[in-house]
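Let me begin by presenting the structure, written as structure tokens, before commenting on it.
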Amino acid sequence: MPPLPTDQIGRAYPADTYAVGREKVREYAAAVGETNPLHFDPAVARDAGYADVLAPAMFVVVYCSRPFLTALFDPELAIDFAHLVHGAQEFRWAQPVVAGDEITTILTVRDISERAGLRFDTFETVSRNQRGETTCVGTWSTIIRAGEEG
Amino acid sequence: MTLAPGDQIELRVTPDRYVTVRYAGASGDFNPIHIDEEFARQVGLPGRILHGLWSMAQVARAATEAAGGDPLALRALSAQFRGMGRLEEEIVVSGEVRSVQDGVATARLEARQGDARLIRNAVAELRGG
């Protein structure tokens, strides 16, 4: 395994802002099998006190997708895609997200280590809405197997 | 809805053969191992496999439904990804509420497909305990 880019630990990537669209919330909710009308019907969502359709909790993967992919494709991190797997994931939610919100996410490299021939990378995302309130903090753990076949 | 220690959680879902295509579009994860049968086989997989985060979303749904269906009930969810999820085979998400403190229930969950555990050691924190 090539040397670990441990000098990248602690690095924060530039903030990425994602505009939450009503149809994207509906598309995501349908793709994961959600049926609650709060995710689909703006009238039902407004009656419940939301400005527009409510994003499912796991919609966080949509607004964090670009920062996560930016890190995975960063040559400085030297990630070997052919041997990359998503090992673990953790999310802690703080504020609801609705269509019309603008979510700004900052991704930080938390750890890069090696154990038993495997490389472990841990990334943290902190996402905030347009009012500066934290919507979700995510911890993304990837595993890279040693690439014997090059 | 009040959750109590020992409460059981279960959700069954069978991913149809195009769910990974829809999820790729919805999530932005277009890794070809999920959407291209030929590519998946070329890299040694049995065929297209499910996105791990789609499977985690099923665990999130199971936990949310157990808490009475309020989408904001889910405060935190962690999961470890293991086996490869196949299309058109039933997934069973199961779990149990382990403890309740200050109105927050902690549940342990996993997602199985046949003999494969797709998600293990999942922990959900739910309002409504």
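All chains are named by letter (A, B, ...) in the order of the sequence lines, taking the proteins before the strands, and each is independently numbered beginning at 1.
Side-chain contact between B/M84 and B/L45 is present, with heavy atoms from C-beta onward closer than 4.5 Å. Looking at B/I9 and B/E96, their side chains never come closer than 4.5 Å, going by heavy atoms from C-beta outward. Counting only heavy atoms from C-beta outward, the side chains of A/F59 and A/V20 approach each other to under 4.5 Å.
Of the atoms belonging to B/L74, heavy atoms from both backbone and side chain fall under 4.5 Å from chain A. For chain B, the nearby part of A/L69 is the side chain; its heavy atoms alone come within less than 4.5 Å. Contact annotation for A/P56: neither backbone nor side-chain heavy atoms come within less than 4.5 Å of a heavy atom of chain B.
The structure places CG of A/L4 at 7.0 Å from CD1 of A/I112, a figure rounded to the nearest 0.5 Å. Separation of atoms CG (B/L126) and CG (B/D7) is listed at 10.5 Å; rounding is to 0.5 Å.
Looking only at heavy-atom pairs under 4.5 Å with chain B, the residue among A/G87, A/P96, A/A57 that has the most is A/G87. Top candidate by heavy-atom pairs under 4.5 Å with chain B, chosen from A/V61, A/V137, A/L38, is A/V61. Between chain A and the options B/G28, B/A79, B/A57, heavy-atom pairs under 4.5 Å are most frequent for B/A79.
Linking Ile, Leu, Val, Met, Phe, Trp and Tyr residues whenever their side-chain heavy atoms come within less than 4.5 Å leaves A/L118 and B/F81 in two separate clusters.
Each of A/C64, A/P14, A/P67 was evaluated against A/L107; a single residue qualifies, A/P67, per the side-chain contact (heavy atoms from CB on, under 4.5 Å) test. Paired with A/P42 under the rule side-chain contact (heavy atoms from CB on, under 4.5 Å), one option of A/V53, A/L54, A/V98 passes, and it is A/V53.
When the shell of 6.0 Å around CD of B/Q8 is examined, it contains more than 12 heavy atoms from other residues, nucleotides or ligands.
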Looking only at N and O atoms, which donor-acceptor pairs between chain B and chain A are within less than 3.5 angstrom?
residue: B/G25; atom: O; partner: A/K24; partner atom: NZ; Å: 2.8
residue: B/A26; atom: O; partner: A/K24; partner atom: NZ; Å: 3.4
residue: B/W54; atom: NE1; partner: A/A31; partner atom: O; Å: 2.9
residue: B/Q58; atom: NE2; partner: A/V32; partner atom: O; Å: 3.0
residue: B/R61; atom: NE; partner: A/V32; partner atom: O; Å: 3.2
residue: B/R61; atom: NH1; partner: A/G33; partner atom: O; Å: 3.0
residue: B/G69; atom: O; partner: A/N36; partner atom: ND2; Å: 3.2
residue: B/R75; atom: O; partner: A/W93; partner atom: N; Å: 2.7
residue: B/L77; atom: N; partner: A/F91; partner atom: O; Å: 2.9
residue: B/L77; atom: O; partner: A/F91; partner atom: N; Å: 2.8
residue: B/A79; atom: N; partner: A/Q89; partner atom: O; Å: 2.8
residue: B/A79; atom: O; partner: A/Q89; partner atom: N; Å: 2.9
residue: B/F81; atom: N; partner: A/G87; partner atom: O; Å: 2.9
residue: B/E125; atom: OE1; partner: A/R92; partner atom: NH1; Å: 3.3
residue: B/E125; atom: OE2; partner: A/R92; partner atom: NH2; Å: 2.8

